[in-house]
Amino acid sequence: MPATPPADDPHDDRSHGQPAYGDGESGHGEVQPGSADDRPRVGHRRAHADQGSGTPRKPSLAAVGFAGLLTLVLGLGALLPSSLYAVVIFAIQVGYAITWTQVDRPPAPRIVAGVGLAAAVAADLVAIWAEPPSLAWLAYVTAAAFVAAVVGELTRPAGRERVTESLGATLAVTVGVVALASLVVLSRHPWGTQSIVACVVPAGVAVMVARLIDLIAPYPRLASQVSRGGLGALLGLVAGAATAAVIGSLSAGLTAGAAAVAGLVTALIALVVDLSVSYVQAGRQLAGEPPAPVPAGLIQGPVTAFALAAPVAYMASALLLLNYP
């Protein structure tokens, strides 16, 4: 006679095809508070991100205004003596360092901001006093700042936790503030003031026009999640080149053709950098990170565009605009 199979235990979750989680005292396979399975699932985190920060920030008129303000400050400031222009540049460097520290949220923000500000001071002093005026001195400042960042990371109390991320943030801040100092070096050259105006102002016009067009018609988009379009970039580039040609024709010692080329190259770099920052910010938010704080998130694109376009303006001016006696 075949053996009778044992009856299902009503308290055994396995008899109903349900997996048993944990080793709680209840023995019912329920997830106990504080257990490993009590953590939020990936889907929950993703849904939370969609509710809070998953929608990328749209272009803002405030960013356009800030780009215009930077254009005026950098353009008109070039009319000042180099030492006073360095003060203007330092104020922008401080804003750049604080903005990037707030947006990146590095594990050691004090080290990142501190090294960046120290590099800004050193770069400005070198830009004013070093002879002959050259970008080579700024390269030495960048290398020294990176060494200081490594030492600071190795000595901080938290040890080497997320050290690569922190060093990356420090390098981004350092490169930006040192790059801005190249405008001070350029102002010391013959026709340097005219060259700064012919390169920096068109770059600012290009960024402003591109962002204004994106507020109205952000098409065609390279990515549906980012409200930045190719039409704005194209019209911004044309506006920047036209502005540079006008400045060159009105400035003593410059020609419209050379100024247009130098301004076009500088505006192109500024536009690419500004667009890149927008895509990076959108990618972070879509990945579930909280949005960049205001106003840091709004001004990061324009201030980074000017910072990285500054050495391009120097090189374009050296090749096309500077007139050495």
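As the structure is a computational prediction, the values presented were derived from the model and not from experiment.
- Considering CG of Leu231 and CG of Leu235, their distance stands at 4.5 Å, rounded to 0.5 Å.
- With sequence neighbours left out, Ser187 forms a side chain to side chain donor-acceptor pair (under 3.5 Å) with Ser82.
- Smallest separation of non-hydrogen atoms from Ala262 and Leu321: CB-CD1, 3.8 Å.
- Checking Leu237, Val273, Val312 one by one against Leu268, the side chain to side chain contact (heavy atoms under 4.5 Å, CB included) holds for a single residue, Leu237.
- Transitive grouping of hydrophobic side chains (ILVMFWY, heavy atoms separated by less than 4.5 Å) brings Val184 and Trp129 into a common cluster.
- Using cut-offs of 30° and 60° on the angle between ring planes, the pair Tyr96 and Trp100 is tilted.
- Side-chain atoms of Tyr85 and Ile196, non-hydrogen and from C-beta on, do get closer than 4.5 Å to each other.
- Inter-residue side-chain proximity for Ser195 and His189 is flagged as unmet; no heavy-atom pair is nearer than 4.5 Å.
- Side-chain atoms of Pro295 and Gln102, non-hydrogen and from C-beta on, never get closer than 4.5 Å to each other.
- One finds the CD1 atom of Ile111 at 11.5 Å from the OG1 atom of Thr101 (value rounded to the nearest 0.5 Å).
- Between Ile92 and Phe306, every side-chain heavy-atom pair lies at or beyond the 4.5 Å cut-off.
- In summary, the side chains of Ser166 and Glu153 do present a donor paired with an acceptor at a separation below 3.5 Å, with no hydrogens or angles considered.
- The structure places OG of Ser251 at 9.5 Å from CH2 of Trp191, a figure rounded to the nearest 0.5 Å.
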Quiz prompt | Full working for side-chain contact (heavy atoms from CB on, under 4.5 Å) between Ile89 and Leu74 | solution = CA-CA 8 Å; Ile89 293 296; Leu74 289 173; 3.6 Å; yes
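- Using a cut-off of 4.0 Å between Lys/Arg side-chain N and Asp/Glu carboxylate O, Glu131 and Arg188 are scored as salt-bridged.
- Scanning both residues, Leu264 and Ala241, for their nearest heavy atoms gives CD1-CB, 3.9 Å.
- In this structure, the side chains of Leu186 and Leu322 come closer than 4.5 Å at one or more pairs of heavy atoms.
- Linking ILVMFWY side-chain heavy atoms closer than 4.5 Å, directly or via other members, places Leu69 and Leu183 in a single hydrophobic cluster.
- Ala296 and Thr99 get closest at one heavy-atom pair: O-CG2, 3.4 Å.
- Hydrophobic clustering of Ile, Leu, Val, Met, Phe, Trp and Tyr side chains at less than 4.5 Å, counting indirect connections, keeps Val280 apart from Leu308.
- The existence of a salt bridge linking Asp104 and Arg284 is confirmed by a sub-4.0 Å separation between a basic side-chain nitrogen and an acidic carboxylate oxygen.
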Between side-chain atoms of residues 112-127 and protein atoms elsewhere (two or more places apart, or another chain), which donor-acceptor pairs fall under 3.5 Å?
unit_1: Asp124; atom_1: OD1; unit_2: Gln93; atom_2: NE2; d: 3.2

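- Residue Arg110 places its CZ atom among 12 or fewer non-hydrogen atoms of other residues, nucleotides or ligands, all under 6.0 Å distant.
- Note on Leu84 and Val200: same hydrophobic cluster, where clusters join Ile, Leu, Val, Met, Phe, Trp and Tyr whose side-chain heavy atoms are under 4.5 Å apart, directly or indirectly.
- At least one donor-acceptor pair closer than 3.5 Å links the side chain of Gln281 to the backbone N or O of Gly297.
- Heavy-atom minimum distance, Leu271 versus Ala210: CD2-CB, 3.5 Å.
- Using a 4.5 Å heavy-atom threshold, the side chains of Ile247 and Pro202 count as touching.
- Closest approach of Leu298 to Pro302, counting heavy atoms only: O-CD, 3.6 Å.
- Linking Ile, Leu, Val, Met, Phe, Trp and Tyr whenever their side-chain heavy atoms come within less than 4.5 Å leaves Val246 and Val261 in two separate clusters.
- Put simply, the side chain of Phe146 does not reach to within 4.5 Å of the side chain of Thr170, judged on heavy atoms.
- Atom CE in Met208 sits 12.5 Å away from atom CD1 in Ile213 (nearest 0.5 Å).
- Listed by chain and residue number, Arg211, Arg228 satisfy the salt bridge (charged side-chain N to carboxylate O under 4.0 Å, His left out) test with Asp274 (two or more places apart in sequence, or in another chain).
- The heavy-atom pair separating Val185 from Ser134 by the smallest distance is CG1-N, 3.6 Å.
- Residues Leu61 and Leu212 have side chains in contact (heavy-atom distance under 4.5 Å, counting atoms from C-beta outward).
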